[in-house]
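All chains are named by letter (A, B, ...) in the order of the sequence lines, taking the proteins before the strands, and each is independently numbered beginning at 1.
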Amino acid sequence: MGAGHGHRLHYHGHSPVHRAPAHLKIATLLAFVLLVVATPHAWVWAFAAYAALLLGVVALSRVPAAYLAKRMVVEVPFVVFAVLVPFVSHGPRTEVLGLSVSEPGLWAAWGLLAKGTIGVLASLTVAATTEPQQLLAGLRRLRLPDQLVQIAGFMLRYLDVVTEELGRMMVAMRSRGCDPRSPRHWPAVGRTLGALFVRSYERGERVHLAMLSRGYDGRMPDLPAPAHREHA
Amino acid sequence: MHVPDGFLDAPTSIATGVVAAGAVAVALRGARRELDDRTAPMAGLVATFVFAAQMVNFPVGAGTSGHLMGGALAAVLVGPWTGVLCVSVVLIVQALFMADGGITAIGTNITLLALVGVAVGWLVFVAVRAILPRRLSSVAPAAAVAALVSVPVASLVFTALFAVGGTAPIATDRVLTAMLTWHLAIGVGEAVVTALVVGAVVASRPDLVHGARPALAARRAETAARVAAATPTGERA
């Protein structure tokens, strides 16, 4: 657990999309998705243009489509909701495949799906082409409060440490015949999470003391970026 | 309950973004009062804990499962300001680094889960704590009530936002019924898990639980009074 952990979403590469400055990518992402969200449902051609543009960027980034597709599953619960919308919406009814659905609801479902999918794919593309450290530096350049960026940095730094600690506790529980999902074993899960909180809190205290002993004065020092050698 | 992109229209998303930015700014100041220069590492580690705790699923019914939202839990464990800050950071990291929750809905998600979830959780917790006897054993039940109330209230606020800026023509009363039934069920799970976790921490390290401070102070005062009464001092003898 010495050096930084590679993040689960980041896909290593050297494309122009990878090399673009992180703060530009974040600002572009926000502006692009905001534009998509503000577009009326009925402008189908506009969504086609957005999708073509986005797929162009994905192709340029040379991140494999399968890599992104696998990670689109975060959208699934939302797709289920969008499919239900035409059935519960009001407005004039129309027939689709013999089912009576609401026409404005159908448009709304289309809009939700199109906007949600473009939003998820755009976010995934930025996350896949930018190192977490660069994203943090980009947030700082976009004038997010320094403290907030520091907290996010610590969260990313210890994410794998703490989730793997929880994973080990869950393995220990399962190997003793305990099913963490069953309400019967909630007391054990509660104690596990309680222990995880105490451990995380105490880890935070140790990290703080270690930082103080290295001269921390409330600001993170601007360390030179680790010397990555560009290998062709 | 992560709101994705396109669920609420652009003006509503921007408005909640402004509310969220204000809430985070105030929480940053408050957290510095609670944690001082320990803010960054402590809030970072607590945020990581909240993220890990959200990975624990519980069955809600009808074959689906919900997960801990952690607003009330964070408020009781580390205090309201640090709680708002930690849950906000979790949501920002999830949206930006994991594409979980829309990037334009980040303000909506912070407003609902971090601001409403933590603030309602903390206020209910403080109110219930004031009614119950000032003992360490009262902290977990008060946390349970806080969690039970905060989740449906967050869903009520979502319904209000949806009525203002929703992009699907669904009657508000239908949204309200669906959201409330669903989140009452989630709230019960949230209440049980929150109470168990808070109870476990109170049992082992009550000094770490922000919401247990008055009870802990009362216990210390009582202990000190008993010790003083039991040990005859030099002057008295």
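- Between chain A and the options B:Gly6, B:Pro41, B:Ala10, B:Gly44, the largest number of non-hydrogen pairs under 4.5 Å is found for B:Pro41.
- Contact of A:Val126 with chain B is not made at all, since no heavy-atom distance falls under 4.5 Å.
- Note on A:Leu148, A:Ile26, A:Leu209: by heavy-atom pairs under 4.5 Å with chain B, the leading option is A:Leu148.
- Looking at A:Met72, there are no atoms closer than 4.5 Å to chain B (heavy atoms on both sides), in backbone or side chain.
- The line from CZ of B:Phe51 to OG1 of A:Thr163 is 7.0 Å long, rounded to the nearest 0.5 Å.
- Each of B:Asp100, B:Ile106, B:Val90, B:Val209 has some count of heavy-atom pairs under 4.5 Å with chain A, and the biggest count is that of B:Val90.
- When every heavy atom of B:Val89 is checked against every heavy atom of A:Ala152, the shortest pair comes out as CG1-CA, 3.7 Å.
- Most heavy-atom pairs under 4.5 Å with chain B, from the set A:Ile118, A:Leu135, A:Leu136: that is A:Leu135.
- Top candidate by heavy-atom pairs under 4.5 Å with chain B, chosen from A:Met170, A:Met211, A:His208, A:Gln150, is A:His208.
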Would B:Leu45 and A:Val162 count as a side-chain contact (heavy atoms from CB on, under 4.5 Å) if you check the C-alpha gap in whole Å, the side-chain angles of each, and the deciding distance to 0.1 Å? CA-CA 8 Å; B:Leu45 263 301; A:Val162 172; 4.1 Å; yes
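- To the nearest 0.5 Å, the span separating OG1 on A:Thr130 from CZ on B:Phe97 amounts to 9.0 Å.
- Interatomic distance, CZ of B:Arg38 versus OH of A:Tyr216, reported as 12.0 Å (0.5 Å rounding).
- Looking at A:Leu212, the atoms closer than 4.5 Å to chain B (heavy atoms on both sides) all sit in the side chain, from C-beta outward.
- The two atoms that bring B:Ala40 and A:Gln147 nearest to each other are N-OE1, 4.4 Å, heavy atoms only.
- Expressed to the nearest 0.5 Å, how far CD1 of B:Ile92 lies from CG of A:Leu139 amounts to 8.0 Å.
- Interatomic distance, OH of A:Tyr201 versus CG of B:Asp207, reported as 8.5 Å (0.5 Å rounding).
- Heavy-atom distances place the side chain of A:Glu202, and not its backbone, under 4.5 Å from chain B.
- Considering OG of A:Ser123 and CD of B:Gln94, their distance stands at 12.5 Å, rounded to 0.5 Å.
- For CH2 of B:Trp122, the number of neighbouring non-hydrogen atoms (other residues, nucleotides, ligands) closer than 6.0 Å is greater than 12.
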Go through the steps to decide whether A:Val36 and B:Asp5 satisfy the test side-chain contact (heavy atoms from CB on, under 4.5 Å), and finish with yes or no. CA-CA 9 Å; A:Val36 173; B:Asp5 289 311; over 6 Å; no
When you look at B:Ser204 and A:Val198, which way does the side-chain contact (heavy atoms from CB on, under 4.5 Å) test go after all the steps? CA-CA 9 Å; B:Ser204 58; A:Val198 174; 4.2 Å; yes
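- Side-chain contact between A:Val37 and B:Phe7 is absent, with no heavy atoms from C-beta onward closer than 4.5 Å.
- Looking only at heavy-atom pairs under 4.5 Å with chain A, the residue among B:Leu96, B:Ile14, B:Val50 that has the most is B:Leu96.
- Highest contact tally toward chain B, considering only A:Gly153, A:Ala108, A:Pro145, is held by A:Ala108 [criterion: heavy-atom pairs under 4.5 Å].
- Of the residues considered (B:Val175, B:Val192, B:Thr194, B:Asp9), B:Val192 shows the highest number of contacts with chain A, using heavy-atom pairs under 4.5 Å.
- Ranked by non-hydrogen atom pairs under 4.5 Å with chain A, the options B:Val198, B:Val202, B:Val93 are led by B:Val93.
- The heavy-atom pair separating A:Arg191 from B:Ala200 by the smallest distance is CA-CB, 3.7 Å.
- Considering only heavy atoms from C-beta on, A:Phe197 comes within 4.5 Å of B:Val78 through its side chain.
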Let me see the working for B:Leu196 and A:Val189 under side-chain contact (heavy atoms from CB on, under 4.5 Å), right down to the final yes or no. CA-CA 8 Å; B:Leu196 287 170; A:Val189 176; over 6 Å; no
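- Annotation: maximal heavy-atom pairing with chain A below 4.5 Å, among B:Thr104, B:Thr48, B:Leu8, occurs at B:Thr48.
- Only the side chain of A:Leu166 comes within contact range of chain B, with at least one heavy atom under 4.5 Å from a heavy atom of that chain.
- Proximity to chain B (any heavy atom under 4.5 Å) is shown, for A:Leu144, by neither the backbone nor the side chain.
- Among A:Val149, A:Val207, A:Val33, A:Thr192, the residue with the largest count of heavy-atom pairs under 4.5 Å with chain B is A:Val33.
- Counting heavy-atom neighbours within 6.0 Å of B:Gln54 CD, excluding the residue itself, gives a total above 12.
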